[in-house]
Amino acid sequence: MKNRRDFLKNTGLITGSALCALPIIKGGPADFFINKSTKMVFRFRPYELQLKHVFTLASNSRKTTPVMLTEIEYDGIIGYGEASMPPYLGENYETAGNFLKQVDLSQFSNPFFMEDILAYVDKISPGNYAAKASVDIALHDLVGKLMNQPWFRIWGLNPQHTPNTSFTIGIDSPEVVKEKVLEASPYKILKVKLGRSTDKEMISTIRTVTNKPLCVDVNQGWKDKKEALDMIFWLKEQGVVFVEQPMPKEEKDNIAWLTMNSPLPIIADEAVQTVSDVNSVSGIYSGINIKLMKCGGLRAAHIMADIARARGMKVMIGCMTETSCAVSAAAQLSPLTDWADLDGNLLISNDIFDGVKIVDGKVTLPDRAGIGITKIK
Ligand code: MG
C-alpha cells in the first residue's frame, strides 16, 4: 500500500465517482480492510512530566509525574498513546516497561480489529491499567487517523455537548491558593482538594477572591461520617456542586449513609477503577469519576459510562497529570459526561502535544482525526 489514499480506497472509505474505479474485492472482511503484508509496530519510551506547582493531596506532595509515551505505527501512520503513573496508583517505569515489553502487535495485520487486539493486551497480565491505557489510546488514535475521523464523531457524540472543565486548586498556603485561583480565571468551575483540618479555611480563602461554583475532592480524607455530613451542608452553602470520594473507599456503609443524607451528589473516584467496579458502587455513590489510567483506556471508559448511565448515575471524566495526548483522548468521551476534570495537561510545563483546548472554560474538541492531537516536540 503506497499511501493513505490507497488505503482509503482499499477500505472503501472514499466516496463518489472514485468508487466506480474500485476493484471488486474478494474474501472476508479482513481482506477488505487491510493489506496483510503491513504489520503494526509498537514502541514506547519513558518521559518525566514537570509540574508547574508542587501538587499536594491529602496523602502526599510531588513535583514530577512519570509517564510512558507509546506509538503504534501502521502503513506510515502513527497513533500516539500515554501511560501516566502518579505514585499512589502503584505503576512506575519498571512495571509499565515490563508490561509493554510483552506487547507484540506484529501478530495483528488489521488495526480495525480493536476488540481482538485490546483483549490480547488485557490478557498479558492483570492490573497494569495505565500501561494498558497507553496501548488502547495509541490504537484509538491510529484507527481514527486511518478513518480520518475524530473519535467523538465515530461514537456519534455531539462536540457541542462537552461540559465545562474544572481547574484543580491543590492544598497550599492562603497566599498561594489565592494566586492559583487568579491563574484559573478562564475556568468556570474550580476543583478544590480537601481532606485536612484546614478545609473550611481553604474554602473561605477561595471565597475571598471568587464566587465561581466549586467542586471538592476529599481523596478519602474525612474519617467521621457525621462530621463529613455537617461539612457537606456547609459546603453547599458555600456554592459547592458535588463532593468526590469523601471517605476511605472501604467504608461502604458510611458512604452509602452519607450519599443518602447528602444535599450534594457524592462521586466515587478511588472506589471505582474499571468496568467490573461500576455495579458495586451503584447504590453507594451518586456517580463515578472515570479516568483512562484507572480503567485501561477509552474502550473500558466508554463501557463504564454506559453502565453508569443505565444505573441512573452521574458520570464525570477526570485525568491524572498527563500530556495533551491522554487528556485529549479522554476529552473525546466528554460529551457523554455531566462534569469534566480535564486540566492535567495544564498543570505541566513540558507538554509535547497540542490537542484539546479549554475555551471560556469549556472542553473544546479539535476537528482532527484520531484522539485530536499533533506532536509539537
Ligand atoms: Mg479524585
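Heads up: numbering here begins at 1 and tracks the sequence. Whatever order the structure lists them in is the order used to number ligands and atoms, beginning at 1.
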**Student:** With sequence neighbours excluded, tell me which residues meet side-chain hydrogen bond (donor to acceptor under 3.5 Å, both in side chains) with T168.
**Tutor:**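 T168 satisfies side-chain hydrogen bond (donor to acceptor under 3.5 Å, both in side chains) with D343 once adjacent residues are dropped.
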
**Student:** Give me the protein N, O or S atoms that fall under 2.8 Å of the Mg ion (ligand 1), sorted by chain and residue number.
**Tutor:**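 Result, waters dropped: D217 OD2, E244 OE2, D269 OD2.
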
**Student:** With sequence neighbours left out, write down each residue that passes side-chain contact (heavy atoms from CB on, under 4.5 Å) with R299, or none if nothing qualifies.
**Tutor:**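 side-chain contact (heavy atoms from CB on, under 4.5 Å) list for R299, sorted by chain: E115, L118, D136, H140, I303.
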
**Student:** F353 and Y80: aromatic ring centres closer than 6.0 Å?
**Tutor:**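 Between F353 and Y80, the centre distance is under 6.0 Å.
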
**Student:** Here's one to test your reading of the geometry: is the NZ or CZ of K132 within 45 degrees of the ring axis of Y129 and under 6.0 Å from its centre?
**Tutor:**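 Cation-pi check for K132 and Y129: passes.
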
**Student:** With sequence neighbours excluded, what pairs up with Q102 under the side-chain hydrogen bond (donor to acceptor under 3.5 Å, both in side chains) test?
**Tutor:**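 Partners of Q102 by the side-chain hydrogen bond (donor to acceptor under 3.5 Å, both in side chains) criterion come out as none, since no residue qualifies.
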
**Student:** Would you kindly say whether R62 and T321 are connected by a side-chain donor-acceptor distance under 3.5 Å?
**Tutor:**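 The answer is yes; a qualifying pair exists.
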
